[in-house]
Amino acid sequence: MQPTANFTAANLTRSLLRRSRQGALATLMTASGDPYCSLVNVASHYDGSPILLISRLAVHTKNLLADPRVSLMLDERAAGDPLEGSRIMVAGTAEEADGELKAILRRRYLNVHPSAESFADFNDFSFFRIRLTGVHLVAGFGRIVDLRPEKILTSLEGADALVAAEQTAIEHMNSDHRDALNLYATRLLGAETADWRCTGCDPDGLDMSADKRDALRLDFPRRIVAPDELRVILKELAEKARASA
């Protein structure tokens, strides 16, 4: 489990939502209503809600277009007994995106799954966002918690400027500050040295990934809503990481 300064059920759930790159999607078969489960790649919206890129040729897409109720299982993919790792089941409705929302989901999804760019714009593929109605966390024996979505999703109130500047910030970090990203990963999050890159940011934290490595979530020590605040907090975290040596 990725280390967190303040472990709570809500904090762990937020971390899993942000770090998960694959999950098991459950839908209902159109003819019978029987449960159907499939493996999907996932990303997250600014608020943490899951993003899917799926084809209309897939059974799960046909199912959710007929009945948008879905559940998605996300787990830590821990070594050894997988039941010893934390996992969450999120329930909600899958909504197909168009217009401005589609552009947002496309950008955030491709930031974490760049190889999908080769087919993301095919006519049969669509981006979906899961609107959460419930969350069930299992974090070990006796640590089972049901959470309301509003307790774990990131509020975007007042953060329009940060959201608008996100892609510019990502590109700037990846082109000019890879050393800082590696410091965040290794000294603040306990990860191994790798070619860490930024894949997203929001009022609560920064997302990173590296080839063949688990994704990481760097929580900010305070909420931010503006690009200037982002620059300040990233500088503070880099100084903290250097000092930790």
Side-chain angles (χ1 to χ4, degrees), residues 1-2 9-45 47-97 105 108-116 119-120 124-141 143-149 151-153 199-200 207 209 212-217:
M1 182 171 64
Q2 181 180 329
N11 285 344
L12 177 55
T13 300
R14 292 189 196 101
S15 179
L16 280 169
L17 278 174
R18 299 293 188 175
R19 291 186 287 123
S20 295
R21 296 293 178 259
Q22 297 85 31
L25 177 71
T27 56
L28 299 172
M29 292 293 290
T30 55
S32 63
D34 292 338
Y36 178 88
C37 193
S38 53
L39 181 66
V40 292
N41 284 339
V42 300
S44 64
H45 183 266
D47 68 0
S49 53
I51 300 170
L52 308 176
L53 172 61
I54 48 180
S55 169
R56 280 178 164 74
L57 300 178
V59 172
H60 52 236
T61 308
K62 296 174 182 178
N63 289 344
L64 63 81
L65 287 173
D67 186 335
R69 292 176 297 167
V70 300
S71 62
L72 181 68
M73 172 67 75
L74 305 171
D75 72 281
E76 291 193 304
R77 304 295 168 100
D81 185 352
L83 295 182
E84 292 182 359
S86 298
R87 60 267 192 196
I88 54 174
M89 188 283 294
V90 299
T93 56
E95 298 180 355
E96 186 173 3
L105 300 193
R108 288 187 63 85
Y109 187 93
L110 293 181
N111 280 339
V112 299
H113 297 291
S115 63
F119 56 83
D124 63 299
F125 275 85
S126 296
F127 288 94
F128 288 80
R129 177 184 179 185
I130 299 179
R131 297 278 188 176
L132 302 188
T133 57
V135 182
H136 182 74
L137 167 70
V138 180
F141 182 76
R143 302 172 79 177
I144 301 173
V145 184
D146 288 312
L147 297 158
R148 298 193 303 274
K151 294 296 184 181
I152 54 96
L153 294 178
T199 58
D207 298 314
S209 68
K212 299 181 181 179
R213 305 282 182 179
D214 293 335
L216 299 177
R217 173 68 172 181

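One-based numbering along the sequence shown.
Smallest separation of non-hydrogen atoms from Leu74 and Ser20: CB-OG, 3.5 Å. Arg108 and Ser44 get closest at one heavy-atom pair: NE-O, 2.7 Å. For the residue pair Ser209 and Thr199, the shortest heavy atom distance occurs at OG-CG2, 3.3 Å. Taking every heavy atom of both residues into account, Leu110 and Ala120 meet most closely at CD2-CB, 4.2 Å.
Contacts of His60 classified as side-chain hydrogen bond (donor to acceptor under 3.5 Å, both in side chains), with partners at least two apart in sequence or in another chain: Ser38. Checked against ring-ring contact (aromatic ring centres under 6.0 Å, His included), Tyr109 has the following partners two or more places apart in sequence or in another chain: His113, Phe127.
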Anything under 3.5 Å between a donor and an acceptor, one on a side chain of residues 50-57, the other on a protein residue two or more places apart or in another chain? List them.
residue: Ser55; atom: OG; partner: Leu57; partner atom: N; Å: 3.0
residue: Ser55; atom: OG; partner: Asp124; partner atom: OD2; Å: 2.5
residue: Arg56; atom: NH1; partner: Glu96; partner atom: OE2; Å: 3.4
residue: Arg56; atom: NH1; partner: Ser126; partner atom: OG; Å: 2.6
residue: Arg56; atom: NH2; partner: Glu96; partner atom: OE1; Å: 3.0
residue: Arg56; atom: NH2; partner: Glu96; partner atom: OE2; Å: 2.9

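At a threshold of 4.5 Å between non-hydrogen side-chain atoms, the residues His136 and Ile88 do not count as touching. The closest side-chain heavy-atom distance from Arg129 to Leu105 is below 4.5 Å. Side-chain contact between Val135 and Lys151 is absent, with no heavy atoms from C-beta onward closer than 4.5 Å. Contact of the Arg87 side chain with the Glu76 side chain is not registered, since no non-hydrogen atoms from C-beta on lie closer than 4.5 Å. For the pair Leu25/Val70, a side-chain contact is recorded, criterion being any heavy-atom separation below 4.5 Å from C-beta on. Between Leu153 and Leu132, the closest side-chain pair of non-hydrogen atoms falls below 4.5 Å. Residues Ser86 and Val138 have side chains not in contact (no heavy-atom distance under 4.5 Å, counting atoms from C-beta outward). Val112 has its side chain within reach of Arg21: a pair of non-hydrogen atoms, C-beta onward, lies under 4.5 Å apart.
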Exercise for review: List the steps, then state whether side chain to side chain contact (heavy atoms under 4.5 Å, CB included) holds for Arg69 with Thr133.
Suggested key: CA-CA 10 Å; Arg69 292 176 297 167; Thr133 57; over 6 Å; no
Point to revise | Ile130 and Thr93: CA distance, side-chain angles, deciding distance, side chain to side chain contact (heavy atoms under 4.5 Å, CB included) verdict | key: CA-CA 5 Å; Ile130 299 179; Thr93 56; over 6 Å; no
Review point. Are Leu64 and Phe128 close enough, and set up right, to give a side chain to side chain contact (heavy atoms under 4.5 Å, CB included), and what steps lead you there?
Key: CA-CA 10 Å; Leu64 63 81; Phe128 288 80; 3.4 Å; yes
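Side chains of Thr27 and Asn63: a donor-acceptor N/O pair is present below 3.5 angstrom, by distance only.
No donor-acceptor distance shorter than 3.5 angstrom exists from the side chain of Ser49 to the backbone of His45, with no hydrogens or angles considered.
Asn41 CG: more than 12 foreign heavy atoms inside a 6.0 Å radius.
Atom CG of residue Leu137 and atom CG of residue Leu16 lie 7.0 Å apart, to the nearest 0.5 angstrom. Atom CE of Met73 is separated from atom CE of Met89 by 7.0 Å, given to the nearest 0.5 angstrom. Annotation: the span from Ile152 atom CD1 to Leu147 atom CG amounts to 7.0 Å, rounded to 0.5 Å.
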